[in-house]
Number of protein chains: 2
Amino acid sequence: MSDGRARGDSLLFLTDAQLRRGIEAMFFAYRGFTADPDRILDQYEYGRAHHRAIHFINRWPGTTVNNLLAILGVTKQSLNRVLRTLIEDGLVESAIGTRDRRERHLTLTEKGRALEAELSEAQTARMRDAFRRAGPEAVAGFRTVLEEMMDEDLRRLFEGVA
Amino acid sequence: MSDGRARGDSLLFLTDAQLRRGIEAMFFAYRGFTADPDRILDQYEYGRAHHRAIHFINRWPGTTVNNLLAILGVTKQSLNRVLRTLIEDGLVESAIGTRDRRERHLTLTEKGRALEAELSEAQTARMRDAFRRAGPEAVAGFRTVLEEMMDEDLRRLFEGVA
DNA sequence: CAGTTTATGTCAGCACCGTTGACATGAAGC
DNA sequence: GCTTCATGTCAACGGTGCTGACATAAACTG
């Protein structure tokens, strides 16, 4: 209904049909994206929430709980449940801040880095294959569209942290 | 990116850093991708599972329960819980098959189509904006990479159904 | 026709991970 | 010293995955 046929070919990529294909592509691709790490997490009796925490602690070692909350977009109660088990299991270390003693600075232990590496390897393997088959130009387009789809604040976060 | 640089540069898009950026882009973009419909679903006391069912029933009216199970990749118990409420609430109609009376053919009612349209509108609005800002070439790349990231069987499903 | 397989529905129970609300502690800041 | 902030924790609930078991009706098969 809202396709721009009258305006010529240049907007054909914005037809409802194309947009629906985009939506379904996101849905199916995200399933693939999480499938490999999910299988590994099962073996350790962890879930996706643990993966996300581990990923971002690895990314920004020494980050605070509040930072992590903002990145993950969950409540502190949710995060804490996950964080507690990771600390108990010796994957994450929580250090009292020196400048501000209220803060807890989170880092991965050796054991935590090992699991991070295992998860990361599984996930990047699939992405590497996809990137290689798609080629650099497609990858650039992929990232451009994804960035445009993010919420404003998340995009700034994403770009700012490179 | 299609400049004639030395071959050494051509694989820079496959570095670990680039792949990690790709992973995070997927994570943040998927959040944006689901945010708008999630807000609407909350108002109706439905969840993402309902959205997915509605989406694919709308996509393939008359599809059977078994088909839907394959597409959604969940157990029949999970799907049934969702489907039951949708039928009870008068959004979905379940019709006994004529050729094979064991099958149930699922279609959206008027009310179901209305919710589908509302959800779809919210989700395509964001994607349309993202597509428009990114441009047709980026969109092509986006879809290429996503297809490459899908599992084999899902890709066939995705391509087959256009 | 009898036996098997298929499509579907349903009950019960469990796990994960999101939520809200309430409350506690210790540290920082005015 | 009062307030605010960062964090942790308890309790309860909701949505949506899962497994396992069982039921029914229809189709298929020998």
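Within every chain, numbering begins at 1; the chains are lettered A, B, ... in the order of the sequence lines, protein sequences first and strands thereafter.
Against DNA chain D, the stretch residues 98-106 of chain B makes heavy-atom approaches under 4.0 Å through B:Arg99, B:Asp100, B:Arg101, B:Arg102.
Side-chain to base pairing of A:Arg48 with D:dG17: no donor and acceptor N or O lie closer than 3.5 Å to each other.
Of the candidates C:dT19, D:dG17, D:dT16, the closest approach to any side-chain atom of B:His50 belongs to D:dT16. Among the nucleotides C:dG9, C:dC17, C:dT20, the one closest to any side-chain atom of B:Val65 is C:dG9. Which of C:dC23, C:dC11, C:dA7 sits closest to the side chain of A:Lys76 comes down to C:dC23. Distances from the side chain of B:Asn80 to the nucleotides D:dC18, D:dT7, C:dG9 place C:dG9 closest.
The only member of A:Thr107, A:Leu108, A:Leu106 that meets side chain to side chain contact (heavy atoms under 4.5 Å, CB included) when paired with A:Pro61 is A:Thr107.
As a whole-Å value, the separation of B:Arg52 CZ from D:dG15 C1' is 11 Å. Rounding to whole angstrom units, CG of residue B:Asp42 and P of D:dC13 are separated by 19 Å. In this entry the distance linking CD of A:Gln77 with P of C:dA24 reads 15 Å, nearest Å.
Remark: A:Asp36 pairs with A:Arg39, A:Arg126 by the salt bridge (Lys or Arg N to Asp or Glu O under 4.0 Å) rule, at least two apart or across chains.
Taking the ring centroids of A:Phe27 and B:Phe33, they lie at or beyond the 6.0 Å cut-off.
Across all strands shown, B:Arg84 has heavy atoms under 4.0 Å from sugar-phosphate atoms exclusively, and none from any base.
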